[in-house]
Number of protein chains: 2
Amino acid sequence: MNSAGEGRVRLPRSERRAQLLQAAQEVFVSRGYHATSMDDIADRAGVSKPVLYQHFTSKLDLYLALLDGRATELVARIREAMDRSEDNKERVNQAMRAYFDFVDAQGEAFRLVFESDQRNDPAVAERVLRMEAECVAALSDTIMADTQVDKDRAEMLATGLVGAAEVAARKWIASGRVVPKDEAIQLMATLAWRGISHFPLEGGAESGNE
Amino acid sequence: MNSAGEGRVRLPRSERRAQLLQAAQEVFVSRGYHATSMDDIADRAGVSKPVLYQHFTSKLDLYLALLDGRATELVARIREAMDRSEDNKERVNQAMRAYFDFVDAQGEAFRLVFESDQRNDPAVAERVLRMEAECVAALSDTIMADTQVDKDRAEMLATGLVGAAEVAARKWIASGRVVPKDEAIQLMATLAWRGISHFPLEGGAESGNE
DNA sequence: GGGCCCGTGGAGGTCAAGATCGGTGTCCAG
DNA sequence: CTGGACACCGATCTTGACCTCCACGGGCCC
């Protein structure tokens, strides 16, 4: 009776799995990897721990499934944004919007990717680095096409811009979205575009001052 | 005999403490917070666990001591760098150099600040956020002095540049310092300066496109 | 030169959390 | 109607790590 209470329904495997992923994401996002226990996730999902282990072999396995989902989502958004135009300035605009959209997406899931407290695990680190590398690659291609710098320099600049987008978007969330989203995007896109356009530095590292 | 082996020396308290901090930093940096045990640190320092607890009340206490040290060091470097000149462009240059110097400092200690896997702890988060806020404040003051944007916008731009510096410097280390340090700094400083100078966006969020 | 005292070390307590077993109820086929 | 199988759950096991207790040895004072 009690055991057959309200929530006690038999779900198809795939649906149950999706529900578990959703619950796990919520808890991981709010408390981080280390601070969340499997009990927390099970409680959140309204199931018992064994069912968790029937769908995921370990806590790390569950976490990696989530991480993969978010990471591929971000990369897809970036790629799509940059494919949307042929004008490089507009590309930067769209890419910046993609970052803000991603960070602004439901549930602050971006924390899984940008603020993981499990980067020391090789599998997690591999995914995070791969994702960052893909973002950098997309942008550095554009930089190389638009300027005269070589691959190493372009990647460094691209990394800087990726970092700028990431950190600025996170702060935008943390500060309660004080600046309107469109304006924030415009601001950061302008910063990025002015930063990278008109490279190379007029003949090497020395930038002409005025 | 064995117990009075080579390393068995009585150190003054402050010296012992410094040694423990050094050992702890090495282990924390290489393995992260959660993956390092107090035994590891004690072994690394060549002492036993009780002495560790005579100097630090808990693992977190020890970690916070290290974190405070590195964070104040970074902030001091930034402040000093920006006080070194009155020309805002040169300030950005020096600040960027300060970031690279910090990240380039011995032992990759920057991981404690930038890649902590303990940000979910309130005390740790408080320190990291305060440090980031101080860096942002220093830069946003300069931005506001040099451009026409208000505080919120200036802080967003400053956050972006802080993120750019941080992520680019970290990647510079991770990629094996392929680009010479001075050139990397010059590259990123130019990106930053071109990004923020000549704001405001010609009258609001809409940048005149063509 | 001997006793006291403080710093040191190994061994252990406790507890949280990841990972797993016997029992149970429900659904379906014949 | 009935028997079986599947999915689920409470309770448990174990491991590992943070944090203290009992023996030991060298320095200080009389």
Side-chain angles (χ1 to χ4, degrees), chain A residues 1-24 27-28 30-67 116-118 120-121 123-124, chain B residues 1-21 23-24 27-28 30-67 117-118 120-121 123-124:
Chain A
M1 182 45 48
N2 193 359
S3 62
E6 59 288 342
R8 190 76 166 288
V9 287
R10 263 166 197 236
L11 259 46
R13 248 189 110 73
S14 64
E15 207 167 322
R16 178 67 82 193
R17 181 184 159 99
Q19 180 208 359
L20 294 178
L21 281 171
Q22 178 63 29
V27 186
F28 277 139
S30 78
R31 284 181 238 181
Y33 181 84
H34 295 286
T36 68
S37 69
M38 292 297 258
D39 296 83
D40 293 335
I41 298 171
D43 286 353
R44 175 72 132 175
V47 299
S48 73
K49 239 186 318 182
V51 298
L52 220 51
Y53 283 93
Q54 283 162 8
H55 286 264
F56 305 96
T57 66
S58 71
K59 184 182 178 184
L60 186 61
D61 181 39
L62 171 54
Y63 188 75
L64 288 178
L66 281 169
L67 185 61
S116 172
D117 56 345
Q118 184 64 349
N120 295 102
D121 183 275
V124 175
Chain B
M1 177 47 48
N2 193 358
S3 62
E6 59 287 344
R8 190 71 168 290
V9 288
R10 273 155 108 103
L11 258 47
R13 232 186 127 72
S14 63
E15 208 167 321
R16 175 69 79 191
R17 182 184 159 97
Q19 180 209 0
L20 294 178
L21 282 171
V27 185
F28 276 138
S30 78
R31 282 182 240 181
Y33 180 84
H34 295 284
T36 67
S37 70
M38 292 298 258
D39 296 80
D40 293 336
I41 298 171
D43 287 353
R44 174 73 133 175
V47 299
S48 73
K49 247 186 306 184
V51 299
L52 218 53
Y53 282 94
Q54 283 161 7
H55 286 264
F56 305 96
T57 66
S58 71
K59 183 184 179 182
L60 186 61
D61 181 41
L62 170 54
Y63 189 76
L64 288 178
L66 281 169
L67 185 61
D117 57 343
Q118 184 64 350
N120 297 103
D121 183 275
V124 174

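Just so it is clear, the model here is predicted, and its values are computed rather than measured. Proteins get letters first, then strands, A, B, ... in listed order; numbering begins at 1 in each.
L52(B) places its CG atom 15 Å from the C1' atom of dG10(C), with the value rounded to the nearest Å. At whole-Å resolution of the value, CD in Q54(B) and C1' in dT8(C) are 8 Å apart. If you measure from atom CG of D43(A) to atom P of dA11(D), you get 14 Å, rounded to the nearest angstrom. Rounded to whole Å, the distance from NE2 on H55(B) to C1' on dC18(D) is 18 Å. Look at CD on Q19(B): it is 14 Å from C1' on dT8(C), rounded to the nearest Å. A straight line from CG of D40(A) to P of dA17(C) spans 8 Å, rounded to a whole angstrom.
For the side chain to side chain contact (heavy atoms under 4.5 Å, CB included) test, no residue two or more places apart in sequence or in another chain qualifies with A18(A). Here N120(A) pairs with D117(B) under the side chain to side chain contact (heavy atoms under 4.5 Å, CB included) rule; sequence neighbours left out. By the ring pair (Phe, Tyr, Trp, His ring centres under 6.0 Å) test, Y63(A) is found to be paired with F28(A), Y33(A), residues two or more places apart in sequence or in another chain being considered.
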Considering only distance and modelled atom types, tabulate donor-acceptor pairs under 3.5 Å from the side chains of residues 41-48 of chain B, sequence neighbours left out.
{"unit_1": "R44(B)", "atom_1": "NE", "unit_2": "E26(B)", "atom_2": "OE1", "d": "2.9"}
{"unit_1": "R44(B)", "atom_1": "NH2", "unit_2": "E26(B)", "atom_2": "OE1", "d": "3.1"}

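Looking at V51(A) and R16(A), their side chains never come closer than 4.5 Å, going by heavy atoms from C-beta outward.
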Protein-nucleic acid N or O pairs under 3.5 Å, nucleotides 18-20 of chain C:
{"unit_1": "dG18(C)", "atom_1": "OP1", "unit_2": "T36(A)", "atom_2": "O", "d": "3.4"}
{"unit_1": "dG18(C)", "atom_1": "OP1", "unit_2": "K59(A)", "atom_2": "NZ", "d": "2.8"}
{"unit_1": "dG18(C)", "atom_1": "OP2", "unit_2": "M38(A)", "atom_2": "N", "d": "2.7"}
{"unit_1": "dA19(C)", "atom_1": "OP2", "unit_2": "Y53(A)", "atom_2": "OH", "d": "2.9"}
{"unit_1": "dA19(C)", "atom_1": "OP2", "unit_2": "K59(A)", "atom_2": "N", "d": "3.1"}
{"unit_1": "dA19(C)", "atom_1": "N6", "unit_2": "K49(A)", "atom_2": "NZ", "d": "2.2"}

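Among residues at least two apart or in separate chains, salt bridge (Lys or Arg N to Asp or Glu O under 4.0 Å) pairs with a member in residues 48-61 of chain A are D39(A)-K49(A).
For dC8(D), one of the phosphate oxygens OP1 or OP2 lies less than 4.0 angstrom from a side-chain nitrogen or oxygen of R16(A).
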